[in-house]
**Student:** 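Take this structure first; my questions come after.
Here the structure is a predicted model, which is why all the values come from computation and not from measurement.
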Amino acid sequence: MGMPEVPASLRSWMSAVSEIVRSVNAAEPLEKVLTRVAVQACELIGFEFCAVMLADERRECLHIAGCSGLTPDYLAQVSDGRSLRIHPPGPDLDTPAARAYREDRTIVVPDVREAPSYGRLRHLAPTQGYQALLVSPLRGSDDLAGVIVAYSVTARQFSGPELELIELLGGQAAMALETARLRAEQQEVIRELSRANDELRRGRAVLEWAEQQHRQLMQLVLDEGGLPELVSALASALGASVTVEDTDGRVLASAPAEGYCPPPAPAARRARAARAALKAQEVAGRRYTVARVPVPEASRRTSAGGTRPPRAGAAAWAAPVVVGGELAGRLWVTAPPADPEPVQLRVVERFALVVALLMLQQRHLLDVQSRLSGDLLGDLLRDGGPVRPRAVLDRAAAIGHDLSRPHVLALLTVDATVRATVRLPELARAAAEPGPVPLVGPYDGAYVLLLPTEPDPGDALRRVLAKAGQAVGAQGMVTMVAGPVARDPAGYATAFRVARGAAALRRASGRGGFVDVGRLGLSALLLETGTPDALRRFAATVLQDVEAHEERYGGDLLATLRAWLSAGCSTAAAADALVVHRNTVTYRLGRIEQLTGRTLRDSSVRLELQLALTIREIVRLGSPG
């Protein structure tokens, strides 16, 4: 299933943020700025009412500092001094807003009628007429300033993107509060400490720099700039190297092109201090804070290919990229001219937020692509082949795959519960690089991969198997079957049945790994039609006496039989392949005839032995041919 649609587009969201920032920069009253935040929450996310609440100086009560849509009666009721107490004496006086502030986390109430732990809602909700609400803390750089509360007149379940957006707007409100505080402090310093003009000018310049970076960031997003443009802009602004990685350490974008300094190497990240800094981010969850990561001297990367190592005593700074509450990657800042100041780190955090939104957008596109691929495979692999072959080929071409060329059909099966964060189609496409990107999609309980026959896709399929095994872990069994080549639309269904038969046989044996059945020829008919138990019984019946003799006395009878059949029943060629005398091959073949009670001169006997050997190798070795 795809990700839920986000009510507000990225362009709309950034336009709203621009309006909030303009309001802050224009030094509008705080109540007006916070009211603007509440209005934007209603318009962007689809709520009927919204309020921004701040804690009083003694941290005893919350009060509404800005709102949208709330009636005077409701405002009067929540201002009576006991409705929004942060630490009420019991659940009868508790509210979701107070709990979100106490626990510093987002609180969701899908239906106030089913929320007995918030007693005050029984009195407050009917006055305004809401049935569901969502509360997110306003996290500033120093402490928790308050909460943002969004109300819905109907009971509803809130999606992950809605939670993400309300938290981002909460961050903007916190930034507005922080900026207002900074302005007030500046004005106080100007009035009382006139001798500190130089320091004030510097502080003003830093703020102007930060505002300029925000404007540039918003303009890049409004212009639909991608990751490379965002990373290049941040690198230029900081005079440092910037890298965006996914959770597997794969670089998604980096800058600058000249003098680039990469993030710490894996060994450096495993050092105790670095590991503790990065682990703290994961524990913090949705806190978008930047962590300082020390770079040990012994594990710094050396200069090569246009890159340079960190300077002596250097550190790197990592901002988490969080999508849907899960860590999706990191934004690294390395080799800055000096340790970044707090305002610079906040700019890095904002860039990381926009990177997360771009990755969320990319995930949505990948989900759409996966759905299209799954639908296409369903039509292509149906029994009897596609009903309209030309239409299927045209649909494949529209998403970048020319299925009129010969393709290898491969089957990936996972016998384990896969974590929700593991996206196997996306993983398979990434692992196949730098070769052709496969057409991947789910079908009949497995994942089907279609790759052109040129270049040979064997290495790419093995990389996909290795990556899938890492993602699933040691508790799961992962099998990759490289099936036959499909040369026309009708051939894909047949190739799938052969690969499915080989996968079922391999999994029934309790062994995963890589199996290549692409060159079985006539043997593939048995895999296409037989069940795993029937195939194993057939192989055991044909070869049991030979296997029993070989286990007891040795003699390499099965290897000799395999070599002889592969050599076109040539004794001389089999002897050369085995590096033994021809008489040895002749003796072993005679022994096989004695044990099986059959003559190898009979072509039907040779076919049965060939099929039995093929099944045996799939079950035991996984790489026939």
Side-chain angles (χ1 to χ4, degrees), residues 406 408-409 453 456 458 481-487 491 494-495 497-499 501-506 509 511 513-625:
V408 169
L409 184 144
T453 55
D456 186 347
V481 176
V485 175
R487 303 186 183 278
T494 301
R497 290 194 298 271
V498 173
L505 178 60
R506 182 70 171 174
S509 70
R511 306 164 70 91
F514 186 80
V515 180
D516 186 356
V517 297
R519 295 179 292 278
L520 290 183
L522 186 60
S523 307
L525 294 174
L526 197 61
L527 290 176
E528 184 180 352
T529 58
T531 65
D533 288 340
L535 293 173
R536 284 187 292 175
R537 285 196 300 269
F538 165 78
T541 300
V542 173
L543 300 175
Q544 62 183 354
D545 291 334
V546 180
E547 286 186 316
H549 181 277
E550 192 170 272
E551 288 178 3
R552 185 172 182 181
Y553 301 106
D556 293 330
L557 299 182
L558 292 174
T560 301
L561 178 60
R562 178 70 170 170
W564 183 70
L565 292 171
S566 298
C569 303
S570 169
T571 302
D576 290 341
L578 296 170
V579 195
V580 298
H581 196 274
R582 297 182 187 181
N583 292 342
T584 301
V585 175
T586 301
Y587 168 77
R588 292 175 180 173
L589 294 176
R591 193 75 183 109
I592 291 170
E593 288 184 323
Q594 293 175 359
L595 292 169
T596 60
R598 295 176 166 185
T599 176
L600 295 177
R601 291 189 296 273
D602 188 333
S603 61
S604 63
V605 171
R606 295 196 298 270
L607 177 59
E608 282 193 6
L609 291 170
Q610 179 75 63
L611 295 175
L613 284 171
T614 295
I615 294 167
R616 181 179 182 272
E617 292 192 3
I618 289 176
V619 171
R620 296 195 174 190
L621 301 177
S623 55

**Student:** Only counting residues at least two apart or in another chain, list the ones meeting side-chain contact (heavy atoms from CB on, under 4.5 Å) with E593.
**Tutor:**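 Only T599, L600 meet the side-chain contact (heavy atoms from CB on, under 4.5 Å) criterion with E593.
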
**Student:** Any heavy-atom pair between the side chains of V546 and T596 that's under 4.5 Å?
**Tutor:**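 In contact.
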
**Student:** State the CZ-CG distance between R591 and D545, to the nearest 0.5 angstrom.
**Tutor:**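 Answer for the CZ-CG pair, R591 versus D545, is 10.0 Å.
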
**Student:** Show every ring pair (Phe, Tyr, Trp, His ring centres under 6.0 Å) that has at least one partner inside residues 544-569, sequence neighbours left out.
**Tutor:**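 For residues 544-569, and leaving out neighbouring residues, the ring pair (Phe, Tyr, Trp, His ring centres under 6.0 Å) pairs sorted by first residue read H549-Y553.
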
**Student:** Search all heavy atoms of P484 against all heavy atoms of A495 and return the closest pair with its distance.
**Tutor:**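 Closest approach of P484 to A495, heavy atoms only: CD-O, 3.7 Å.
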
**Student:** For the atom pair OG (S570) and CG (L565), what is the distance rounded to the nearest 0.5 Å?
**Tutor:**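 Result: 12.0 Å between the selected atoms.
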
**Student:** Which atoms form the tightest heavy-atom contact between D556 and E550, and what is the distance?
**Tutor:**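 In terms of heavy atoms, the two residues are closest at C-OE1, 3.2 Å.
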
**Student:** Please tabulate, for side-chain N and O atoms in residues 571-582, each donor-acceptor pair with protein atoms closer than 3.5 Å (sequence neighbours left out).
**Tutor:**
residue: H581; atom: ND1; partner: N583; partner atom: N; Å: 2.9

